Amino acid sequence: MRERDGGSVTITNLSSKAVKAFLDYAYTGETQITDDNVEMFFQLSSFLQWLWGLALLGSTWAALTTGALGLELPSPCREVLWPLPAYLLVSAGYYALGTVGYCVATFHDCEDAARELQSQVQEACADLARRGMRF
Amino acid sequence: MATGTDQVVGLGLVAVSLIIFIYYTAWVILLPFIDSQHVIHKYFLPRAYAVAIPLAAGLLLLLFVGVFITYVMLKNQKGTKKAQ
């Protein structure tokens, strides 16, 4: 592997000052926000928020499904609970499919403009061919 | 407005997604609350398949995408070899 054999790793796309600022915050609770790193902080914070939300939902689901919280949920509720992640994935799938289908069906075709454009292209090709240009 | 086959294909996709939505929601969310003696249970497979079938379909999709990418890459490689 190149990184292992080369003895050094180069991380692109991140300013070293930004990474240093983040590590400072992680270890000391304080950091300097400058023009350099503010955009990277935004991206990092939204990514971490998303990750945190996902981890929270995932752990709640796992705790409820395995009964680790000691709650005695009624049987139908438990039956609904355990396939929930698969249900969310499948719902993302059919939602995407439906959106794509709807956009394809309502796409605004401009048939007249297309025909006019085609005829103009034909004219230009004929004109250029007459002047000796070969396609 | 889109015309001809575009509209048909688009509306077909919307219809398929609606059918999947209704069937899968009924399977996962509504069925546990319906009395197990009701006749509607005849139309749905055992509950374990509600996770197994989407999982298998997802894996098949990944397999298909991988095979397609491999095929395109091999074709490109053969093309450049011939040119050389």
Side-chain angles (χ1 to χ4, degrees), chain A residues 1-2 50 54-55 57-121, chain B residues 1-69 73:
Chain A
M1 303 216 175
R2 196 177 50 169
W50 191 85
L54 200 67
L57 286 175
S59 56
T60 316
W61 174 80
L64 285 174
T65 328
T66 58
L69 288 176
L71 286 170
E72 282 305 318
L73 289 170
S75 166
C77 286
R78 237 173 316 151
E79 280 282 308
V80 170
L81 200 62
W82 72 261
L84 261 187
Y87 179 76
L88 290 174
L89 278 174
V90 171
S91 61
Y94 62 64
Y95 175 71
L97 194 70
T99 315
V100 165
Y102 180 70
C103 289
V104 165
T106 58
F107 192 78
H108 291 295
D109 266 350
C110 305
E111 286 213 317
D112 297 333
R115 260 196 302 260
E116 191 183 332
L117 205 61
Q118 288 280 51
S119 71
Q120 284 179 352
V121 166
Chain B
M1 279 296 290
T3 56
T5 52
D6 273 356
Q7 236 175 357
V8 170
V9 167
L11 291 177
L13 284 179
V14 172
V16 165
S17 81
L18 269 181
I19 291 176
I20 297 180
F21 164 60
I22 293 175
Y23 189 84
Y24 201 68
T25 307
W27 198 3
V28 172
I29 297 192
L30 295 180
L31 233 46
F33 294 100
I34 299 180
D35 187 31
S36 61
Q37 304 304 323
H38 200 282
V39 72
I40 201 173
H41 283 268
K42 194 168 54 122
Y43 294 101
F44 293 95
L45 290 167
R47 210 159 162 70
Y49 287 102
V51 174
I53 291 182
L55 194 69
L59 287 176
L60 268 177
L61 187 74
L62 280 178
L63 182 75
F64 175 70
V65 169
V67 164
F68 180 72
I69 292 178
M73 281 178 61

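Values in this document were obtained by computation on a predicted structure and should not be read as measured data. Residue numbers begin at 1 in each chain, while the letters A, B, ... track the order of the sequences.
Considering all non-hydrogen atoms of both residues, B/Leu13 and A/Leu97 come closest at CD2-CD1, 3.9 Å. Considering every non-hydrogen atom in both A/Gly98 and B/Ser17, the closest pair reads CA-OG, 3.4 Å. Between A/Ala105 and B/Gln7, the shortest heavy-atom distance links the atoms O-CG, 3.7 Å.
With a 6.0 Å radius and a threshold of 12 heavy atoms from other residues, nucleotides or ligands, A/Gln118 has its CD atom at or below the threshold. More than 12 heavy atoms of other shown residues, nucleotides or ligands fall within 6.0 angstrom of atom CZ in B/Phe33. Heavy-atom neighbours of B/Tyr23 OH from other residues, nucleotides or ligands within 6.0 Å: above the threshold of 12.
Taken to the nearest 0.5 Å, the CG atom of A/Leu84 stands 6.5 Å off from the CD1 atom of B/Ile29.
In this structure A/Arg78 satisfies the side-chain hydrogen bond (donor to acceptor under 3.5 Å, both in side chains) test with no other residue, sequence neighbours excluded. Residues forming a side-chain contact (heavy atoms from CB on, under 4.5 Å) with B/Leu31 (at least two apart in sequence, or on another chain): B/Trp27, B/Ile34, B/Ile40, B/His41, B/Phe44.
Inspection of non-hydrogen atoms places B/Val51, B/Pro54 of residues 50-69 of chain B under 4.5 Å from chain A.
A/Tyr94 pairs with exactly one of B/Thr25, B/Val16, B/Leu18 by the side-chain contact (heavy atoms from CB on, under 4.5 Å) rule, that one being B/Thr25.
A ring pair (Phe, Tyr, Trp, His ring centres under 6.0 Å) check over residues 59-93 of chain A, counting only residues at least two apart or in different chains, returns the pairs A/Tyr87-B/Tyr24.
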